[in-house]
Protein chains: 2
Amino acid sequence: MDDRWRTIEELKRKATLQVLFRVARMLNEMGVKRIASIAPNTSLRPAHTSLFPHIPHEGIRLVDLAARMGISKQAVFQLVEDLVGEGMLMRRQDPSDGRSKLICFSDLGMEAIKRGLATLSKMEQELVLALGDQVMDQLRTSVLAVHDHLNRQEYKVKQA
Amino acid sequence: MDDRWRTIEELKRKATLQVLFRVARMLNEMGVKRIASIAPNTSLRPAHTSLFPHIPHEGIRLVDLAARMGISKQAVFQLVEDLVGEGMLMRRQDPSDGRSKLICFSDLGMEAIKRGLATLSKMEQELVLALGDQVMDQLRTSVLAVHDHLNRQEYKVKQA
DNA sequence: CTCTTTAGTCAAGCTTGATTGACTAACTAT
DNA sequence: ATAGTTAGTCAATCAAGCTTGACTAAAGAG
């Protein structure tokens with residue numbers, strides 16, 4: 001065991017962030033697996049579900065959605081098209097602009113989102129059961145603190 | 001604001017896991033960006049770096065590495081080939097098997113890993129500075145608790 | 001000693017998730 | 001009214017990250 005490797009092991013042991021990444025990845029995989037098992041949608045891929053967090057209740061225009069996701073409108077178009085085909089999303093005419101349509105959830109889509117969130121919430125409750133209220137409270141408050149800090153920083157960067 | 005949507009917003013507010021995912025994603029993106037900025041390796045992609053956590057100091061055989069990552073040995077071969085080309089990894093002859101080679105880090109590779117971990121550690125220290133010792137301690141212990149629990153569960157599943 | 005299996009390699013091809021370019025219809029500014 | 005811009009759409013293309021199949025050399029079983 002040479003010195004270089006020892007340094008690496010030391011750094012790894014201290015890396016809270018690495019543990020955070022791994023935990024997030026494991027939980028995410030677990031969630032995806034569970035949701036897939038209750039609704040075997042062969043045709044809905046990660047790229048599709050990545051749209052969901054960016055679709056507000058009022059709806060959003062294609063170009064704006066693309067801008068928020070940081071990819072081309074053509075790419076988003078195809079994803080939205082698929083989701084409309086599956087009945088998850090719908091396009092309403094934008095009352096204020098004849099060219100544009102407002103992309104929003106259909107009833108079916110909202111039900112699906114609800115089921116997904118419920119699955120996540122169930123996983124969380126299982127963790128509470130296994131690890132106790134206190135640990136999960138600590139996780140919640142500390143993660144939230146980091147979250148808020150990162151958002152404040154991002155805001156500052158955008159202002160500059 | 002109809003009832004279905006209100007339920008969704010309620011679920012989201014309670015979802016510690018969603019916040020965890022988002023925080024992990026943001027920090028990860030930040031880390032990748034920083035590391036990329038200090039070492040503009042145009043040719044090393046995420047698929048390559050995903051090998052690193054599975055390569056032990058003693059080295060590992062291609063088939064075993066592929067099994068650990070859950071993908072075909074041919075796919076792993078290409079990635080290893082690229083990394084050997086970049087001087088990050090090297091292949092030693094396996095002393096106990098004439099067919100097999102042990103994939104391990106080169107000196108350059110270990111230096112690169114060290115720099116990556118150091119970057120992560122620096123980000124962590126910045127969080128400590130911004131949020132305080134206490135919050136980061138809470139994050140560390142709670143995330144570690146979840147991590148250990150998930151690993152225990154995975155172990156149990158594998159036993160069954 | 002032969003037969004089968006296994007480790008690494010090489011080649012071709014596929015799916016996903018994106019891109020760029022072109023086009024139509026609707027809006028906007030002059 | 002006309003010229004230029006913008007929103008959505010359609011099509012072709014591309015790179016990443018895999019897969020499957022075929023081959024070789026070494027190892028192991030009978």
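Per chain, numbering begins at 1; letters A, B, ... match sequence-line order.
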[X]: partners by side chain to side chain donor-acceptor pair (under 3.5 Å), with sequence neighbours left out:
{"X": "B:Gln74", "answer": "none"}
{"X": "A:Arg115", "answer": "none"}
{"X": "A:Ser37", "answer": "none"}
{"X": "B:Arg99", "answer": "B:Asp97"}

key: Non-neighbouring partners of A:Gln78 that pass side-chain contact (heavy atoms from CB on, under 4.5 Å), sequence neighbours left out   =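 With sequence neighbours excluded, A:Gln78 shows a side-chain contact (heavy atoms from CB on, under 4.5 Å) to A:Glu81, A:Asp82, given in chain and number order.
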request  = Applying side-chain contact (heavy atoms from CB on, under 4.5 Å), name anything that partners B:Ser142, two or more places apart in sequence or on another chain.
outcome  =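 Once residues adjacent in sequence are excluded, the partners of B:Ser142 under the side-chain contact (heavy atoms from CB on, under 4.5 Å) criterion are A:Val135, A:Gln138, A:Leu139, A:Ser142.
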Does any part of the side chain of [Y], heavy atoms only, come nearer than 4.5 Å to the side chain of [X], both counted from C-beta?
{"X": "B:Leu117", "Y": "A:Gln18", "result": "yes"}
{"X": "A:Ile8", "Y": "B:Phe105", "result": "no"}
{"X": "A:Asn151", "Y": "B:Met26", "result": "yes"}

Kindly state which residues belonging to [range] come within less than 4.0 angstrom of DNA chain C, counting heavy atoms of the residue only, listed by number.
{"range": "residues 62-82 of chain A", "value": "A:Ile71, A:Ser72, A:Gln74, A:Ala75"}
{"range": "residues 90-106 of chain B", "value": "B:Arg91, B:Arg99, B:Ser100, B:Lys101"}
{"range": "residues 46-59 of chain A", "value": "A:Pro46, A:Ala47"}

inquiry  = What is the first contacted nucleotide of DNA chain D and what is the last, in 5' to 3' order, if contact means an atom lying under 4.0 angstrom from a heavy atom of chain B?
reply    =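 Endpoints of the contacted stretch of DNA chain D: D:dA16 to D:dA27.
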Residues that A:Arg34 engages under salt bridge (charged side-chain N to carboxylate O under 4.0 Å, His left out), provided they are two or more places apart =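 Per chain and number, A:Arg34 pairs via salt bridge (charged side-chain N to carboxylate O under 4.0 Å, His left out) with A:Glu126.
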query = Excluding sequence neighbours, so at least two apart, what forms salt bridge (charged side-chain N to carboxylate O under 4.0 Å, His left out) with B:Glu111?
reply =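 Checked B:Glu111 against salt bridge (charged side-chain N to carboxylate O under 4.0 Å, His left out); matches are B:Lys114.
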Test: B:Lys33 and B:Glu29 ion pair at under 4.0 Å = no
